[in-house]
Amino acid sequence: MREAFRGEQRIDPDALVARVQAVQRFLDAVDGQVPDAELVPAHTVVERAGTRLALSGHHTVVALAGATGSGKSSLFNALARLDLSPVGVRRPTTGVAHACVWGPLDGATRLLDWLGVLPRHRFVRESALDGDDEAALHGLVLLDLPDFDSVQRSHRLEVDRLLGLVDLVVWVVDPQKYADRVIHTSYLREFHRHRDVTVVVLNQADRLPPAELPRVLGDLRRLLDADGLAGVPLLPTVAVDPDGLDGLRAELERTVAERQAALRRLAGDVDAVVAGLDPLVGPAPPPTDPSDASARELTAALAGAAGVPIVSEAVEAAYRHRAGGTTGWPLVRGWRKLRPDPLRRLHLLGGGADTSAESLVAATSVPDPTATQRSALNLAIRAVADRCAADLPAPWPAAVTAAARSRLSDLPDALDHAVAATDLGLERRPAWWRVVGALQWLVTVAAVAGLGWLVFGYAVRALGLPALENPRLGEVPWPTVLLLGGLLAGLLVAALTRPVIRWAARRARQRAERRLMTSVGSIGEKYVLNPVWAVLAHYAEAREALRDAARR
Ligand SMILES: Nc1nc2c(ncn2[C@@H]2O[C@H](COP(=O)(O)OP(=O)(O)OP(=O)(O)O)[C@@H](O)[C@H]2O)c(=O)[nH]1
Ligand SMILES: [Mg+2]
């Protein structure tokens, strides 16, 4: 029965170390994300495994555990063939753990220190008189524990502490109490992940009529199966008869020779920890995609909060304003200059501000977001968190939501600076403005020259001087041609340019809007998506690590 789960499960120490390291990786990944209280068993196992593996691998620590009076101390003494641990009629007798080491004590000292067995309760089973009788048990460290169902609380604490540390447990039950609920529910059942380091002995078998023994053993076997301990060795023993523990002795010899119990115990511990942590991970995290629907929604909400529509509108107006200033009729350009530039009103120049550290105080005068914009932004942030955490088990959704909101208070300034730093494409005046502007000057100069010529002609006539002979273009004198032609050409150029400016202003607005969206999108990525993705990365790492830790 024992071979069924023991023979094929030799544990490679390196593989075990890798599993323990995977648990540590899990702990690192979830640090700060999962409440510490849920991680205590995992921390304990990592610490315990590290210590046990660093201590003697040549020794196998076996504990005799059971209810008071079941005969633990009697078995301990019988196995050691010495009276080391007091056996009593008054219960409970054993209050602290006693240890017996087969082989030299030296090598086991640090192990016993770690186990917390007091030096005066340590014994050595190494006698020249034995010859080779005890050689098969060399390396055994046998512990006689207090009773686990004790009326003394300190006994129970001592038992619980040591049951967490030993390599193999021999549960000692007796014919009267083998079916007691506390033995099964509080202890044996708890060890179902440690079946391969569990042995059960029915002691005081001599107190049963021989014909009864198989029935009691069968009954106990059924109880053990129900405890999840199917297949564990179950042996009858008689502590008061030197031949009554041959089966147990043989079992211990096999365990000591294998030198696997410590590894199996720790592997069982890792199994238990992995099972306990399993609910903390679930499906794979969603892909981190900055262009998915919720991220686009976020960018749109950020754009609203950052005043992108206001700024883009100002870009269109500023384009018209500036183009008009360069290409308009020169004589009325001055009027335009009196009106403020729509972008400058927002404290924006249009070419993108320097965002080096010193200039970070600089900010726009874009109005603060409205309550509606703020709540749209909150909703969008929540939507991002919900999408990322939808399928994740607790506590990850809360962690993701907290991460998404973690830099909320930095957002207004960041958005403001991003808008200020965006090149809105209005810094350079297009060449065609200058060409049209020069043309306007030219026709204006012509008109002014014509006017001047006419005025001069009138003045000459008024002073009675001989009249000037004006050259003519057909019937019309040149000064008139220049004046009227210049004025008409100026108006015509202005009329023809206006629709072009409108069209170009709309394009400038679209271009600026695209650039602004890119800017606020990168702010969303930095302040909302990146923190969320960091949590998802922790989750993915934890999931991966737990899978590695589960790999037997
Ligand atoms: N007949 C018989 N008596 C036994 C056997 N094993 C133990 N006893 C007796 O049972 C009584 C209790 O034995 P202990 O060895 O002190 O029991 P224990 O489990 O160490 O008890 P605590 O230290 O109180 O937890 C003693 O009187 C033993 O002589 C056995 O196999 N057969
Ligand atoms: Mg005892």
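Indexing begins at 1, ligand by ligand and atom by atom, following the structure's order.
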Is ligand 1 less than 4.0 angstrom away from at least one heavy atom of Ser70? yes
Is Thr94 close enough to the Mg ion (ligand 2) to have an N, O or S atom under 2.8 Å? yes
Do Val199 and Leu252 have side-chain heavy atoms sitting under 4.5 Å apart? no
Between the side chains of Ser70 and Asn203, does any donor sit under 3.5 Å from an acceptor? no
Any idea which atoms of ligand 1 are less than 4.0 Å away from a heavy-atom of Asp147? 25 (O)
Answer with side chain, backbone, both or neither: which part of Asp241 has a heavy atom less than 4.0 angstrom from an atom of ligand 1? neither
Asn203 versus ligand 1: do any nitrogen or oxygen atoms come within less than 3.5 Å of each other? yes
State whether Ser74 contributes an N/O/S atom found under 2.8 Å from the Mg ion (ligand 2). no
Does Val87 reach ligand 1 with a nitrogen or oxygen that is under 3.5 Å from one of the ligand's nitrogen or oxygen atoms? no
Is there any N or O on Leu145 that sits under 3.5 Å from an N or O of ligand 1? no
Heavy-atom check, side chain of Val201 versus side chain of Trp171, under 4.5 Å: no
Going by the order shown, which atoms of ligand 1 are within less than 4.0 Å of some heavy atom of Asp206? 1 (N), 2 (C), 30 (C), 31 (O), 32 (N)
Flag the pair Thr198 / Leu168 as yes when at least one side-chain heavy-atom distance between them is below 4.5 Å, and no otherwise. no
Return yes if some donor-acceptor pair links the side-chain N/O of His184 with the main-chain N/O of Val182 below 3.5 Å, else return no. no
Does Asp83 have more than 12 heavy atoms from other residues, nucleotides or ligands lying within 6.0 Å of its CG? no
Minimum side-chain heavy-atom gap Leu298-Leu377 below 4.5 Å: yes
Could an N or O of ligand 1 be found under 3.5 Å from any N or O of Ala239, whether backbone or side chain? yes
Using side chain to side chain contact (heavy atoms under 4.5 Å, CB included) as the criterion, point out the one residue from Val96, Leu143, Val61 that pairs with Leu162. Leu143
Considering distance alone, does some N or O of Asp144 sit under 3.5 Å from an N or O of ligand 1? no
